[in-house]
Amino acid sequence: MATSVFHQPLGTAQPHQHLQNSGFRQEFGHASVKLTFKGFKVETGLSRRGGYSSCKRKFGVIQASASHTSVVQPVSYPPNNSTDELRKKSSEAALILVRHGESLWNEKNLFTGCVDVPLTKKGVEEAIEAGKRISNIPVDMIYTSALIRAQMTAMLAMTQHRRKKVPIILHNESEQAREWSQIFSEDTKKQSIPVVTAWQLNERMYGELQGLNKQETADRFGKEKVHEWRRSYDIPPPNGESLEMCAERAVAYFKDHIEPQLLSGKNVMIAAHGNSLRSIIMYLDKLTSQEVINLELSTGIPMLYILKGGKFIRRGSPAGPTEAGVYAYTRSLALYRQKLDDMLH
């Protein structure tokens, strides 16, 4: 299986270096432009083996596609038998992942899942701060879930971008929606960024836990059972999804719709949720099911990957004044990681 690099938890000592002139090169015919990112933190660590196993379960899909938009020229998705060839030929592209800012139910410590809850004031501030961190990274397309907290995060983040392009949500739900949302100015189109919303990027659906606080849930179902639902990979809560089920839909959507855009050279931002993003990171970093359940993502902290030579390379998080890293593992994994690091010194 492919090798993946692991981060130490926030607040622990870890080697890192700041690249002042790191970036990637974008090819345009015979010409090329080097895109330079300043102030990124690259975290180094020991490589371990892990893997992602895709599942066979199928979902009914309502596809959100840019194929009918007048904002940008659509990118045709390659047939399955040409994906490997496209990987070899693809130019470099940036992938930004952002978990939405704090929601009103995060603040109240309630299971949110697929309930459509907006951001708190703190969540708005987190989204704006995320935007400042990615303000120098080109963004050609944005994907969000169908939930308002992710969409708010994407929109607020882009208000800080130096290119000042306007994110515009594509409405492909009907012919009338497409017709009524057309843009008739070519100059305006060039200053716009298409935003595709997809339910497949939604948070894990928590079933009968949604709307309950943690104590109420423990009283109703028992602490051990709740812990099992929250920290297992393949055990769903009553009438809800397991992380495995969430990963099936999120990773399938990423591979079918988002990855082809990256392979074509487009720079993409995804604003989504803890579990849908954990699922995508599992795919990108070849994590095992045990590793992904211990993965915690901070709200409003962007993560940067570069697609180069058909491979995703993690670049860490754009430098911020208070955060020490991108995401953290639990203490047990951190101690194991420290032991492995010590063996090398």
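Only a predicted model underlies this, so the values are computations on that prediction, with no experimental measurement involved.
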Please list all pairs passing the salt bridge (Lys or Arg N to Asp or Glu O under 4.0 Å) test where one or both residues lie in residues 196-217, with sequence neighbours left out. Glu216-Arg220

Side-chain contact, heavy-atom cut-off 4.5 Å: His171 with Trp180? no

Within this structure, what is the CG-CD distance for the pair Asp256 and Gln200, rounded to the nearest 0.5 Å? 9.5 Å

Considering only heavy atoms from C-beta outward, does the side chain of Ile169 approach that of Met155 to under 4.5 Å? yes

Taking the cut-offs as 6.0 angstrom to the six-membered ring centre and 45 degrees off its axis, would you call Lys255 and Tyr253 a cation-pi pair? no

Are Val117 and Phe111 connected in the hydrophobic side-chain network, where two residues link if heavy atoms are under 4.5 Å apart? no

Which of Arg231, Arg99, Arg230 passes salt bridge (charged side-chain N to carboxylate O under 4.0 Å, His left out) with Glu296? Answer is Arg231

Between atom CG of Leu119 and atom CD of Glu125, what is the distance when rounded to the nearest 0.5 Å? 11.0 Å

If I take atom OH from residue Tyr233 and atom CE from residue Met282, how far apart are they, to the nearest 0.5 angstrom? 3.5 Å

Beyond-backbone contact of Ser279 with Leu243, side-chain heavy atoms, under 4.5 angstrom: yes

Would a hydrophobic clustering, with Ile, Leu, Val, Met, Phe, Trp and Tyr connected at side-chain separations under 4.5 Å, put Val115 with Leu110? yes

With rounding to the nearest 0.5 angstrom, report the CG to OG distance, Asn275 to Ser242. 10.0 Å

Are Glu102 and Thr120 close enough that a side-chain donor and a side-chain acceptor fall under 3.5 Å? yes

Taking the side chain as everything from C-beta on, heavy atoms only, tell me whether Met205 gets closer than 4.5 Å to Met245. no

Where Ser276 and Leu201 come nearest, the two heavy atoms and their spacing: OG-O, 2.9 Å

Closest heavy-atom pair, Ala177 versus Ser181, reported as atoms and distance to 0.1 Å, is O-OG, 2.8 Å

With a 4.5 Å cut-off on side-chain heavy atoms, are Glu129 and Arg133 touching? yes

Indicate if Met152 and Leu277 have the same hydrophobic cluster label, given that clusters are the connected sets of ILVMFWY residues with side-chain heavy-atom separations under 4.5 angstrom. no

Taking the side chain as everything from C-beta on, heavy atoms only, tell me whether Asn267 gets closer than 4.5 Å to Ile137. no

Just checking, any donor-acceptor pair under 3.5 angstrom between side chains of Asp219 and Gln215? yes

Any side-chain heavy-atom pair of Leu97 and Leu297 under 4.5 Å: no

Do Trp229 and Lys225 touch side chain to side chain, with heavy atoms closer than 4.5 Å? yes

From CZ (Arg314) to CG (Leu284), nearest 0.5 Å: 9.0 Å

Atom pair CG/CD of Leu147 and Gln151 - distance to nearest 0.5 Å: 7.5 Å

Could you tell me which non-hydrogen atom of Gly113 sits nearest to which non-hydrogen atom of Gln210, and how far apart they are? CA-OE1, 3.6 Å

Describe, in one word, how the ring planes of Phe312 and Phe254 are oriented to each other, choosing from parallel (under 30°), tilted (30 to 60°) and perpendicular (over 60°). tilted

